[in-house]
Amino acid sequence: MYRGGKGAGASEDAVEQQNEKMIGGLQSKINNLKSITIAIGDEVRDQNRALDQMQNSMGASDNLIGSTLGKMQSLYKSHGALSIVYLAGFCVAVFLAVYLLTRLR
């Protein structure tokens, strides 16, 4: 189909150039999105690694607390409630001593 004359050809060339510019702009935006997506993926992997390390350390703390509670129960069963009162008093005394030492500085 013939559209006629030089004006139509020049108009098509202008539209083609405009399309090429827009394609170039879209290409750069796509590249920016790709780099951002890769950076987000790297950050997610780093955060997952940090969370795994925290989970492992919390597991170790949980084991330590469980072991301590087991020892406290055996202490309570073997020596009665009075030893627990002594232990609580000792903990309070240590806490107060540390508090007073830090307060004096």
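Between the CG atom of D52 and the CD atom of Q47 there is a distance of 11.5 Å, given to the nearest 0.5 Å. Of the inter-residue distances, the one linking I23 atom CD1 with S28 atom OG reads 12.5 Å to the nearest 0.5 angstrom. In this structure, Q18 CD and E16 CD are separated by 10.5 Å, a value rounded to the nearest 0.5 Å. Atom CD of Q73 is separated from atom CG of L69 by 6.5 Å, given to the nearest 0.5 angstrom. Rounded to the nearest 0.5 angstrom, S61 OG and N56 CG are separated by 11.0 Å. Rounding to the nearest 0.5 angstrom, the gap separating the OG atom in S67 from the CG atom in D62 is 11.0 Å.
When hydrophobic clusters are built by joining Ile, Leu, Val, Met, Phe, Trp and Tyr residues whose side-chain heavy atoms come closer than 4.5 Å, directly or via intermediates, V98 is grouped together with F90.
Through direct or indirect side-chain contacts shorter than 4.5 Å among Ile, Leu, Val, Met, Phe, Trp and Tyr, I36 is connected to I40, V44.
A donor-acceptor pair under 3.5 Å is formed between the side chain of T37 and the backbone N or O of L33.
Contacts classified as salt bridge (charged side-chain N to carboxylate O under 4.0 Å, His left out) and involving residues 17-44 (residues at least two apart or in different chains) are given here: D42-R45.
In this view, D46 and R49 satisfy the side-chain hydrogen bond (donor to acceptor under 3.5 Å, both in side chains) rule, not counting sequence neighbours.
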